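Okay, so here's the structure we're looking at.
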Amino acid sequence: MLHSETPLGEGIFSRFPMNHLFLFSTAIVCLFLISPPILRADTPPKKISLSDFPAAAVEEVVVPVPSEIFAVLDKLGNPNWKGQLRDGKVRTPEDRARTALLLGNVIAEGFVAVEAEDAERVKELGRQVLTLAEAINVRKSVIARSKSITDKADQRDWRGVRAEFDGALQDVRGAMQELNDQDLSQLVSLGGWLRGTEVLTSIVSGGFSKDGIELLHQPELVNYFDRCIGSMGGRLRKNPLVASIRDVLRKIGPIVNEGGDKITPEQVKSIHDLTHGVNQQIVEGTTGN
Amino acid sequence: MKFFLFSGFGTRTQRFIVVTVLLAACSPCLVRATVDDALSFAYEAALPYYKQGYSIRKDAWGGDLGVRDKKAVSSQLFKGNNYWFLMASDVKGATLSVHIYDDNGNLVDAESWQKGRFAGARVSPKATGTFFAIVQILKSPEDRTPWALVYGYK
């Protein structure tokens, strides 16, 4: 057996005549030279200076969909989601800005109902999405979603329902952008973010976990919403509810600007109270300052 | 028949103006079309990750860049999730790259790949916060190369 072992320095090549070996080696070298994109990855710098990017070379942040946050919450534990559910049916407002905010709010509520695995509430919220979408002329974009929400809630396909609520949010925003209603589209996102943040802070205040608190570290997002309101048309910007939300964002901004591990329980409660107050205004149509 | 298009126009200057105006009118549509094409390729690149359970966002970024030009795309990412950023172009022969940096400018790619007009980078954020996907056209036969970027999470 020992005699049959391949001597060091010899292998499969030892059976090749020398000219074949030469051709084979040349072919390998040529292949490497002519196909660098396939064989070599680019080597990015380990550190860059973000200040080297002028404002025009920086794309705005995209608002995360609620399920990005809920996906993390799923991994952190199992809080009392039923306790977070809001009661009652919302009434469609006259004010388009409030309708857009409420639509986002209701979609976010849909995620809470999914977490609570409350099929009836999920279906009710799916219908509310349709009614509110109708009030701002984007009903068509969510008819199929609303039906799917009902069907999947009946099947208790919670992952599927979540995907439908995510899709509804994106479809509504897409339809609004097609109608050149960029501002209202942003208000839908903002309404969803406000309700999501209210629920998140409530869970975190209930002693959920330090990792949960870290989810509140969203400085660029809060600044982005503030900038969005700042760039809205005068009438919308001066809408009492929108102005009230901007005040809230400016109070939340410095808190979430801290690193996630530096946010204190008092600050979490403060964010909760602020978002709870403004969400009540969105639902009830009162602007109490 | 050969000169049908321009038979109504007298001078060469007039023809030149008409062609220029027509091209100018059409060019935004053309750019839009190619960015849309780039987006289709980006979704194609995302497909294997969708099959692995990643939810792919419908929102996307895109535009056109010159060779070696870079753009920073800001994103709010959450610790606990995994993200794949997928970039693509519809320009044959173009080479792109995408890499993820945190808000201090540190490279945080967990892995990345680059294959011609497709590129991808994965990140598992160690902290929740703002991150930047730096996109770049490394090589291209065109002066301006349309690109699109999508991301997925799980």
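All chains are named by letter (A, B, ...) in the order of the sequence lines, taking the proteins before the strands, and each is independently numbered beginning at 1. Just so you know, these numbers come straight off a predicted model, no measurement behind them.
Within the 4.5 angstrom heavy-atom criterion, only backbone atoms of B/K154 (N, CA, C, O) approach chain A. Heavy-atom distances place no part of B/L65 under 4.5 Å from chain A, backbone and side chain included. For A/D166, the part lying under 4.5 angstrom from a heavy atom of chain B is the side chain only. Neither the backbone nor the side chain of B/L77 comes within contact range of chain A, judged by heavy atoms closer than 4.5 Å. Only the backbone of B/D102 comes within contact range of chain A, with heavy atoms under 4.5 Å apart. Contacts between A/L50 and chain B at a heavy-atom distance below 4.5 Å involve the side chain alone, from C-beta outward. Both the backbone and the side chain of A/S67 come within less than 4.5 Å of a heavy atom in chain B.
A/P64 has its side chain out of reach of B/Y153: every pair of non-hydrogen atoms, C-beta onward, lies at least 4.5 Å apart. Looking at heavy atoms from C-beta onward, B/W61 lies out of side-chain contact with A/E60 at the 4.5 angstrom threshold. Side-chain contact between A/E68 and B/R57: present, with at least one pair of heavy atoms (C-beta onward) separated by less than 4.5 Å.
The backbone N or O of A/L221 sits nowhere less than 3.5 Å from a side-chain atom of B/Q76 that would complete a donor-acceptor pair. B/D59 places no side-chain N or O within 3.5 Å of a backbone atom of A/V62 that could act as its donor or acceptor partner. Put simply, the side chain of B/S74 gets close to the backbone of A/E59: a donor and an acceptor are under 3.5 Å apart. No donor-acceptor distance shorter than 3.5 angstrom exists from the side chain of B/K71 to the backbone of A/F53, with no hydrogens or angles considered.
Distance check: B/L107 CG to A/K46 NZ gives 6.0 Å after rounding to the nearest 0.5 Å. With rounding to the nearest 0.5 angstrom, the NE2 atom of B/H99 is 8.0 Å from the OG1 atom of A/T43. The OG1 atom of B/T128 lies 8.0 Å from the NE2 atom of A/H217; values are rounded to the nearest 0.5 Å.
No more than 12 heavy atoms of other residues, nucleotides or ligands shown are found within 6.0 angstrom of NZ on B/K92. Counting non-hydrogen atoms of neighbouring residues, nucleotides and ligands closer than 6.0 angstrom, the CZ atom of A/R159 reaches no more than 12 such neighbours. For A/D52, the CG atom counts as densely surrounded, since its 6.0 Å shell holds more than 12 non-hydrogen atoms of other residues, nucleotides or ligands.
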(Q) Using side-chain contact (heavy atoms from CB on, under 4.5 Å), reason through B/K58 and A/D171 one step at a time and then give a plain yes or no. (A) CA-CA 9 Å; B/K58 208 173 165 186; A/D171 290 350; 2.5 Å; yes
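When each of A/V256, A/L216, A/I69 is checked for heavy-atom pairs under 4.5 Å with chain B, A/I69 comes out on top.
In terms of heavy atoms, B/F132 sits closest to A/V58 at CE2-CG1, 4.4 Å. Contact between B/N81 and A/A71 at its shortest, heavy atoms only, is OD1-CB, 3.6 Å. Taking both residues in full, the closest heavy atoms of A/P219 and B/T130 are given as CG-OG1, 4.1 Å, listed atom of the first, atom of the second, then distance. When every heavy atom of B/Y101 is checked against every heavy atom of A/P44, the shortest pair comes out as OH-CB, 3.6 Å.
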